[in-house]
There are 2 protein chains.
Amino acid sequence: MKYTYLGPPGTFTEAALRSLPNASGIQAMPRTTVPAALSAVRSGESDCAVVPLENSVKGVVPATLEELVTGDGPLHIEAEVQLPVTFHLMARPQQTRGDITTVLSHPHAHSQCRKWLDLHMPDVDTVFSTSTAAAARTVAEGSDQNVAAIASSAAAQSYGLDVIASDIGEHTHAVTRFIVVTGGGTPRARTGDDRTTLVVSAEGLAAGILVDILQQFSSRGVSLTGIQSWPTGSELGSYYFFLDLEGHIQDPAVTDAIGAVRCRATAVHVLGSYPRHQAGRPDSLRPQMAAV
Amino acid sequence: MKYTYLGPPGTFTEAALRSLPNASGIQAMPRTTVPAALSAVRSGESDCAVVPLENSVKGVVPATLEELVTGDGPLHIEAEVQLPVTFHLMARPQQTRGDITTVLSHPHAHSQCRKWLDLHMPDVDTVFSTSTAAAARTVAEGSDQNVAAIASSAAAQSYGLDVIASDIGEHTHAVTRFIVVTGGGTPRARTGDDRTTLVVSAEGLAAGILVDILQQFSSRGVSLTGIQSWPTGSELGSYYFFLDLEGHIQDPAVTDAIGAVRCRATAVHVLGSYPRHQAGRPDSLRPQMAAV
């Protein structure tokens with residue numbers, strides 16, 4: 001099986017991929033952006049893509065939500081993985097904190113470490129990179145000795161960097177949720193502990209419409225585990241709603257609620273029903289590092 | 001009056017600041033990040049800050065939402081400005097599109113121009129900067145002739161760059177909404193065409209809680225113009241809700257609805273009541289360029 005993922009090697013996303021139950025049989029193909037990882041699924045170049053969806057501190061990953069909501073061609077969520085996220089500051093061997101003039105990282109990672117940087121390294125410049133692993137690679141391969149990266153311990157290992165400050169994020173229990181995306185097809189079989197993800201479009205937001213939609217779930221005892229709004233692009237205040245529900249699309253209450261929402265919304269798109277991630281489940285080993 | 005804003009000079013945010021009715025009396029102080037612009041208000045170093053809040057295509061600006069929701073010390077929204085956003089590709093004089101090997105921009109701007117880049121410049125490298133204007137400045141001041149920036153026409157002018165491709169964003173009607181933030185105090189007087197922004201915290205999301213909260217507005221005829229969820233940071237699925245309402249906090253229906261929400265939510269924080277932006281209003285001249 002060919003899997004594209006948000007690379008380069010050493011990203012938290014790669015750690016999520018490596019934690020999949022079928023990881024040993026996967027040919028892992030890094031891509032530099034989320035849209036590129038998902039486009040490969042659409043074109044048939046890969047069977048699946050692993051991308052980050054949301055983080056418990058920084059919220060959704062906009063590029064992923066945007067591709068799922070508005071991208072061309074069907075994409076289907078096949079599985080989810082949740083991994084703790086721990087950020088380290090790393091530099092070339094022999095460098096110390098006092099040598100560092102520039103810190104490179106992904107904007108999400110940088111903002112989660114901002115307080116630590118303000119306190120310990122207030123004068124460094126910030127440069128953004130496309131991923132934490134790309135930051136580590138740039139530090140390893142660039143010409144400037146005085147640059148450090150904020151990335152995972154896996155990235156330090158991949159690129160031969162030394163960790164010069166450990167666990168510098170503000171939120172020590174931060175978790176990122178990744179999804180495994182395929183090019184459509186039938187939903188995963190019901191396990192009894194599933195999640196269903198859908199996108200609901202209701203042009204012209206009114207409090208009444210959203211209330212009406214959410215009531216279809218609450219009145220049938222279907223719990224929402226997540227809600228995100230995403231702009232339709234037409235004007236300010238016009239949204240898609242991205243909803244995570246407890247239950248499988250084949251559970252009668254879920255089927256029934258979604259049917260009722262279809263009568264009320266402009267469009268409903270079910271992105272997938274799949275087993276909920278559980279820590280300690282045999283199919284979800286949790287490495288001690290994880291994801292942007 | 002001292003105003004900090006998301007700089008450097010040439011950002012869309014500066015254009016928003018320059019469009020304020022009292023612009024001529026403002027001492028404009030650029031800051032390189034949204035948190036830095038807002039911190040200056042908290043510390044008393046500036047009277048107000050102008051920062052981007054949301055874009056009709058890319059959704060909220062995470063750094064702004066995060067500061068308003070979780071930052072230390074009171075911040076109060078005093079006014080809003082909406083500006084159209086047009087992105088141009090710019091380089092040093094004499095450079096042509098064929099010379100460019102790297103394109104520098106803010107991640108939001110880059111993603112809005114991705115389709116154009118994929119079509120016209122598929123082989124260029126992408127490097128992220130902290131703002132569109134910072135990208136333009138780097139192009140102007142750096143040592144590499146083959147780098148271009150995606151930024152506003154004001155940035156091209158500020159840094160002496162030539163526009164080598166105009167209006168390359170996907171959404172030609174994209175609009176960014178900026179807010180003017182002060183350090184607290186009394187709300188702006190009621191004008192009859194106002195907006196109220198509040199943050200509602202309801203720990204442990206259940207569809208029922210959100211339905212119940214939104215019903216307090218819809219049942220009183222108060223329209224929602226925006227809803228955003230933002231993670232509380234404690235765990236996946238735990239959110240703050242950031243709501244924009246039509247009306248002023250002193251309108252009886254709004255006062256009443258917010259009172260009812262206070263009884264149901266863990267916490268309610270009113271961020272401000274202020275005049276809605278209207279195109280053509282004398283106090284909101286719309287320059288032909290605008291914001292990240």
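Residue numbers start from 1 in every chain, and the chains themselves are labelled A, B, ... in the order their sequence lines are given, proteins ahead of strands.
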Glu170(A) versus chain B, heavy atoms under 4.5 Å apart: side chain, backbone, both or neither? neither

Going by distance alone, is a donor N or O of one side chain under 3.5 Å from an acceptor N or O of the other, for Ser56(A) and His171(A)? no

Would Val103(A) and Leu117(A) count as a side-chain contact (heavy atoms from CB on, under 4.5 Å) if you check the C-alpha gap in whole Å, the side-chain angles of each, and the deciding distance to 0.1 Å? CA-CA 9 Å; Val103(A) 171; Leu117(A) 289 171; 4.2 Å; yes

I'd like to know which of His110(A), Glu246(A), Arg114(A) tops the heavy-atom pair count under 4.5 Å against chain B. Arg114(A)

Give the intermediate values and the outcome of side-chain contact (heavy atoms from CB on, under 4.5 Å) for residues Ile179(A) and Leu68(A). CA-CA 11 Å; Ile179(A) 49 175; Leu68(A) 291 175; 3.8 Å; yes

Name the member of Ser111(B), Pro35(B), Ala63(B) that forms the most heavy-atom pairs with chain A at distances under 4.5 Å. Pro35(B)

Under 4.5 Å from any heavy atom of chain A - which part of Gln215(B): both

Separation between CG (Asp144(A)) and CG (Leu104(A)), nearest 0.5 Å, reads 10.0 Å

Minimum side-chain heavy-atom gap Pro231(B)-Asn55(A) below 4.5 Å: no

Chain A contact via Pro62(B) - which portion, at a heavy-atom distance below 4.5 Å: neither

